[in-house]
Structure formats: structure tokens, C-alpha cells
Amino acid sequence: MAFRKNGLLSFMVTVSVIILASAVAFGQTAQPQSKDYEGVVKVAVGHYLYIPQAQGLDIFVAGTIQGGLENLVGKEVRVKASPIADKPNLILAESIEIKEGTMYTSVYTRSAEPDFAGYLNPHDREAYVALNITNINKPEEWEGKNKVKVYGKLQTSKVKEGAQEKEVTHIVLTDRKGKEIGRVIVNGISEYANFYLKKLRLFDKFWFYLDVTGQVDKRVRAKTRELFSGNVIFCGLY
């Protein structure tokens, strides 16, 4: 009986050791691994950086860079970045170096936690309803919706307000023949959306994701063709 108890105890200890070792090994492999990306910076806006060698991933920089992030455009860099568990299209820059000749000079080492305010997770884009607007006299096509996306072209123009002029930004909506249907007033554009505007510089039209802020009165709409106003959160080809 004592032999059986000792054997059972030894077996349980062995199993515990195996489970513990497996958990440790799993924890080690599950930890985010940093990776180096080398290439020429194509777009840099706010906290976001894009180099083609990152293969569809955007780089988030949590802090300031010597000389400013925008000054990295056109320069060859080496970025050490880590994946971010709940943000599948972002990686977090741990360090950035600029290539000068055959040498690299450090311009950034992460020393703060990132603030992702304004970032739109790809999974959350499904909440934005695609509008099919055909006529300014059919408000049912856009009213009553708080998160929408429209396909159009960004346009900035100057309008008179009393004796002064002010700059107004619209998203111009057109039909298949290119005739203007209506306009959406842009109140603001997020840093993340501005980043993608630069990435989409070769395209004239694309999808704009907006948080709706207000509707335009019917009488004003008849004169200006403005439908509603909103803040641009993101823009893309789909």
C-alpha cells in the first residue's frame, strides 16, 4: 500500500512538472516578438509610419522623434517593432534608426505607452453603413444613421461668410457618369484618417468613414447640395 501511495505521489509530481514546463514554454512562445523592418519611409503622419517592407502593417510611434516624424519621409530606416495583440494591422515601434551611408543613427527609442485615441480597428469598420445616395431630395437614404461610409472625392474650397471668406472641406458624391449628386460637410479629420489620405494619394476617389454630427436643413440643402456633416475617422478602398 505504501508503495502504491509513493508511486501515485511520484506520478502526480511528474505530471505537475510537465504541465508547468508546458505552460512556461507556451508563455514564452506566446510573447510578442520584435522584428526588424528596413526600407524607405513613404508616409509619416502624426504617430503613424508606413514603409512597404512592413507588408500591409502600419507602424505606430508612441512618442517624439528627433527632427519630427514627418522628416523621415523619403529616408531609409530600420524599425524594430512588436505586434499589438488586439490591433491586427498595427505594429508598435520600439526603436527607429536612419541609414546614413553604411551606418545607422538612432533617432527614437520607445519610452512611453502608446495612446491609440482615434484609431479605428478593422473589426469595427463593419459598424459603418455604406450609403447609396441617389438624390438630395431623398433624405431617407442618409438620415437616422450615426456611423456611415460614403464613396467620393475630398474637395476644399473657399466660401463667403458675411464679409469674410472661410475654407470648407467637402466629400463630393457623384453618379456613375461623374455628375455631382451631393456633398458631405467635413467637420474634422482624424490623425489616422489623414495618414490614410496620404497613403491613398494616387487615388481620386475612395470610401470615407464618418461619425455623423448633424443634418443640413432642407432649404439650405437645395442651395448648397450639402446633405449632412461629420468627422472623418478613416478612409480606404473598401
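This one's a predicted model, so the numbers in the text were calculated from it and none came from an experiment.
The minimum heavy-atom distance between K149 and Y238, with the atom names listed, is NZ-C, 3.8 Å. The minimum heavy-atom distance linking F228 with G214 is given by the pair CB-O, 3.2 Å. For the pair Y128 and L120, the tightest heavy-atom approach, listed with the atom from each and the gap, is CE1-CD1, 4.1 Å. Of all the heavy atoms in A93 and I59, the pair that sits closest is CB-CG2, 3.8 Å. Here the closest heavy-atom approach between residue N231 and residue G188 is recorded as OD1-N, 3.2 Å. The two residues I181 and N135 have their closest heavy-atom pair at CG2-N, 3.9 Å.
Remark: K147 fails to qualify as a cation-pi partner of Y209 under the 6.0 Å distance and 45° angle criteria applied to the six-membered ring. A cation-pi contact links R125 to F234, judged by a cut-off of 6.0 Å to the six-membered ring centre and 45° from its axis. In this structure, K199 is positioned above the aromatic face of Y50, its NZ or CZ under 6.0 Å from the six-membered ring centre and within 45° of the axis.
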Full working for side chain to side chain contact (heavy atoms under 4.5 Å, CB included) between V232 and I171: CA-CA 10 Å; V232 178; I171 300 169; 4.2 Å; yes

Evaluate the criterion side chain to side chain donor-acceptor pair (under 3.5 Å) for residue pair K99 and T105; output intermediate values, then yes/no. CA-CA 6 Å; K99 190 173 185 180; T105 302; over 6 Å; no

Would you sort out whether D211 and T213 count as a side chain to side chain contact (heavy atoms under 4.5 Å, CB included), showing the intermediate values? CA-CA 6 Å; D211 287 343; T213 56; 5.6 Å; no

Using the side chain to side chain donor-acceptor pair (under 3.5 Å) rule, take S82 and S34 through it: C-alpha gap first, then chi angles, then the decisive distance, then the call. CA-CA 4 Å; S82 303; S34 296; 2.8 Å; yes

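Expressed to the nearest 0.5 Å, how far OG of S106 lies from CZ of R78 amounts to 10.0 Å. Between atom OG1 of residue T64 and atom CG of residue L69 there is a gap of 10.0 Å, rounded to the nearest 0.5 Å. Here the CD1-CG distance, from I189 to L197, works out to 5.5 Å after rounding to the nearest 0.5 Å. Taking CD1 of I96 as the start and NZ of K75 as the end, the distance is 12.0 Å to the nearest 0.5 Å. Rounded to the nearest 0.5 Å, atoms CG (L92) and CG (L57) are 12.5 Å apart. Expressed to the nearest 0.5 Å, how far OH of Y104 lies from CD1 of I98 amounts to 11.0 Å.
Salt-bridge formation is not detected for the pair K158/E167: no Lys NZ or Arg NE/NH1/NH2 atom is positioned less than 4.0 Å from an Asp or Glu carboxylate oxygen. Here D175 does not pair with K177 in a salt bridge; the nearest charged N to carboxylate O distance is not below 4.0 Å. Classification of R110 and E94 as a salt-bridged pair holds, one side-chain N sitting under 4.0 Å from a carboxylate O. Salt-bridge check for R183 with E180: passed, with a basic side-chain N closer than 4.0 Å to an acidic carboxylate O.
A single hydrophobic cluster is seen to contain both V186 and F206, as judged by linkage of ILVMFWY side chains at heavy-atom distances under 4.5 Å, directly or through other members. Under the 4.5 Å side-chain contact rule for hydrophobic residues, F203 and Y151 do not share a cluster. Both L131 and I136 are assigned to one and the same hydrophobic cluster, defined by single-linkage of ILVMFWY side chains at heavy-atom distances under 4.5 Å. Both V73 and I51 belong to a single network of hydrophobic side chains, linked directly or stepwise wherever heavy atoms of I, L, V, M, F, W or Y lie under 4.5 Å apart. A continuous path of hydrophobic side-chain contacts links V41 to I65 [ILVMFWY only; heavy atoms under 4.5 Å].
Considering only heavy atoms from C-beta on, L173 comes within 4.5 Å of L227 through its side chain. Side-chain contact between W207 and L237 is absent, with no heavy-atom pair separated by less than 4.5 Å. Looking at I84 and I91, their side chains never come closer than 4.5 Å, going by heavy atoms from C-beta outward. Inter-residue side-chain proximity for H123 and P88 is flagged as met; some heavy-atom pair is nearer than 4.5 Å. Between L49 and V79 the shortest side-chain heavy-atom distance falls below 4.5 Å. A heavy-atom distance below 4.5 Å is not found between the side chains of F208 and V184. V43 is listed as a side-chain neighbour of R201, based on a closest heavy-atom distance under 4.5 Å. At a threshold of 4.5 Å between non-hydrogen side-chain atoms, the residues E38 and Q53 do not count as touching.
Here the options are D124, N89, D58, the test is side chain to side chain donor-acceptor pair (under 3.5 Å), and the partner is Y119; only N89 passes. With respect to R221, the side chain to side chain contact (heavy atoms under 4.5 Å, CB included) criterion is satisfied by exactly one of R225, K218, R219: K218.
Ring planes of F60 and H47: parallel class, angle under 30° (limits at 30 and 60°). Using bins of under 30°, 30° to 60° and over 60° for the plane-to-plane angle, the ring pair Y192/Y196 lands in the perpendicular bin.
For NZ of K153, the number of neighbouring non-hydrogen atoms (other residues, nucleotides, ligands) closer than 6.0 Å is 12 at most. Taking a 6.0 Å sphere around NZ of K145, one finds it holds more than 12 heavy atoms contributed by other residues, nucleotides or ligands.
Side-chain contact, K205 with T174: a donor N or O sits under 3.5 Å from an acceptor N or O.
Checked by atom type and distance alone, the side chain of E141 pairs as donor or acceptor with a backbone atom of T134 at under 3.5 Å.
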